[in-house]
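Below is one structure; the comments refer to it alone.
When a residue number appears, it is its place in the shown sequence, counting from 1. Scope of the values below: all heavy atoms of this structure, side chains included, with no hydrogens, waters or symmetry mates.
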Amino acid sequence: MALGKKIGEDQPWKGTENWRGRNAVDGRYGNRSAMGGQCVVSENFKKTATWWVDLGGVVSISHIDIYYR
């Protein structure tokens, strides 16, 4: 449903690692470690972080899995 859709994030990781929001909509999910290149990591020491995806319309979602680092 979210594969390849437009994303946004308000506290993106500023380091050189590939931890940007587009990782969450690339269809890869076999390695959920931070160094696996398939996770979104927000900038350090922020009190809040928001990430969103534009699904293009109203859809029914049964569940969302969020893993904290």
Taking all non-hydrogen atoms of both residues into account, name the closest pair between V53 and K5 and its distance. CG2-CB, 3.6 Å
Which atom names give the shortest non-hydrogen contact between C39 and N23, and what distance separates them? O-ND2, 3.0 Å
Same cluster for V40 and L3 if Ile/Leu/Val/Met/Phe/Trp/Tyr side chains link at under 4.5 Å? no
For W19 and M35: C-alpha separation, side-chain torsions, deciding distance, then whether side chain to side chain contact (heavy atoms under 4.5 Å, CB included) applies. CA-CA 9 Å; W19 293 340; M35 298 312 286; 3.6 Å; yes
Let me check something: do I64 and V58 share a hydrophobic cluster, defined by ILVMFWY side-chain heavy atoms less than 4.5 Å apart, either directly or through other members? no
Any chance you could measure K47, atom NZ, to Q11, atom CD, to the nearest 0.5 Å? 12.5 Å
Taking all non-hydrogen atoms of both residues into account, name the closest pair between M1 and I61 and its distance. SD-CG1, 4.2 Å
Over all atoms of both residues, closest heavy-atom pair of Q38 and R28: NE2-NH2, 3.3 Å
State the OH-CG distance between Y29 and D65, to the nearest 0.5 angstrom. 12.0 Å
Mind checking whether N18 and W13 have side chains closer than 4.5 Å, heavy atoms only? no
Side chain to side chain, E17 and V41, heavy atoms closer than 4.5 Å: no
Contact summary for D10 and W52, nearest pair of heavy atoms: N-CZ3, 4.0 Å
Indicate yes or no for a side-chain donor-acceptor contact from E43 to the backbone of K14 under 3.5 Å, with no hydrogens or angles considered. yes
